[in-house]
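One structure below.
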Amino acid sequence: MTLPTIFTLTAFIAWALLLLVLMAIMRSQLVLRGKVPANGFTPDNAGLSPFMQRLARAHANCVESLPVFGGLLLVAIVSDRTAITDPLAYMFLASRLIQSLVHLVSTSPTAVMVRFAAFATQIGIGLYWAFQLLSSMLAHSAA
């Protein structure tokens, strides 16, 4: 069954899109209220509220990691090896959401540790998937 893998890939993309839409809405309000000129934004939202800066970074984190983790999920889907990714797909997605949400809420030392733990979980899962996918492909090509 591939539902966990396909759902996770789709939800990961949707989450990155949601963060982008939230940033666009907040930026639009700042422009419409005359607080920031339309051309006054930087990619990291420097000079804006700490929340806006964290939102930009949370979105960038998703965009930066999507090719790696999304790529692994896509490889599993197209190679019909979702049995490798399905068991941990929802845990991966939960870790990604936790990382982003904690990033949006706080930068306290505890929050940073929680955020790193969520990120480390994603890294561990990604390494496991990559190893298992490669091993499965090598075994298949040797047979």
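All residue numbers refer to positions in the sequence shown, counting from 1.
Minimum heavy-atom separation, Val105 to Arg54: O-NH2, 3.9 Å. Taking each heavy atom of Met137 and Ser79 in turn, the nearest pair found is CE-OG, 4.0 Å. Scanning both residues, Thr121 and Ser95, for their nearest heavy atoms gives CG2-OG, 3.2 Å.
Clustering ILVMFWY residues whenever any of their side-chain heavy atoms sit less than 4.5 angstrom apart, transitively, puts Leu127 in the very cluster that holds Ile84. Connection of Leu48 to Leu55 is established within a shared hydrophobic cluster, with ILVMFWY side chains joined at heavy-atom distances below 4.5 Å, either directly or through further cluster members. The hydrophobic cluster containing Leu93 does not contain Ile123, counting ILVMFWY residues as joined when their side-chain heavy atoms lie under 4.5 angstrom apart, directly or transitively. Note on Leu18: it clusters hydrophobically with Leu97, by side-chain heavy-atom contacts below 4.5 Å among ILVMFWY residues. Residues Leu101 and Val114 are members of separate hydrophobic clusters, defined by side-chain heavy-atom contacts under 4.5 angstrom among Ile, Leu, Val, Met, Phe, Trp and Tyr.
Checking side-chain atoms of Thr8 against main-chain N and O of Ala89 turns up a donor-acceptor pair under 3.5 Å.
By the 4.5 Å heavy-atom criterion applied to side chains, Ser100 and Leu19 are counted as neighbours. The shortest distance between side-chain heavy atoms of Val75 and Thr85 does not fall below 4.5 Å. Between Arg96 and Asn61, the closest side-chain pair of non-hydrogen atoms falls below 4.5 Å.
For Met91, the CE atom sits in a loose shell: 12 or fewer heavy atoms of surrounding residues, nucleotides or ligands are nearer than 6.0 Å. More than 12 heavy atoms of other residues, nucleotides or ligands lie within 6.0 Å of OH in Tyr90, so this atom counts as buried by the packing criterion.
Distance check: Leu22 CG to Met52 CE gives 7.5 Å after rounding to the nearest 0.5 Å. One distance of note links CD1 of Ile125 with CG of Leu88; it measures 5.0 Å at 0.5 Å rounding. For the atom pair OG1 of Thr5 and CD1 of Ile77, the computed distance is 6.0 Å after rounding to the nearest 0.5 Å. Put simply, CG on Leu66 and CD1 on Ile13 are 5.5 Å apart, with the number rounded to the nearest 0.5 Å. For the atom pair OG1 (Thr82) and CG (Leu9), the distance works out to 12.0 Å, reported to the nearest 0.5 Å. In this structure, Leu30 CG and Ile25 CD1 are separated by 12.0 Å, a value rounded to the nearest 0.5 Å.
For residues 8-40, the set of pairs meeting the ring pair (Phe, Tyr, Trp, His ring centres under 6.0 Å) definition, not counting sequence neighbours, comprises Phe12-Phe92. A ring pair (Phe, Tyr, Trp, His ring centres under 6.0 Å) check over residues 25-46, counting only residues at least two apart or in different chains, returns nothing. Residue pairs that meet the side chain to side chain donor-acceptor pair (under 3.5 Å) test with at least one member in residues 125-143, sequence neighbours left out, are Arg81-Ser136. Screening residues 95-125 for ring pair (Phe, Tyr, Trp, His ring centres under 6.0 Å) gives no qualifying pairs among residues at least two apart or on separate chains. For residues 34-46, every residue pair satisfying the side chain to side chain donor-acceptor pair (under 3.5 Å) rule, not counting sequence neighbours, is listed here: Arg27-Asn45, Thr42-Asp44.
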side-chain contact (heavy atoms from CB on, under 4.5 Å) between Leu74 and Val78, worked out: CA-CA 6 Å; Leu74 190 57; Val78 300; 4.2 Å; yes
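The side chain to side chain contact (heavy atoms under 4.5 Å, CB included) test applied to Ala111 returns Val102, Ser106, Ser108, not counting sequence neighbours.
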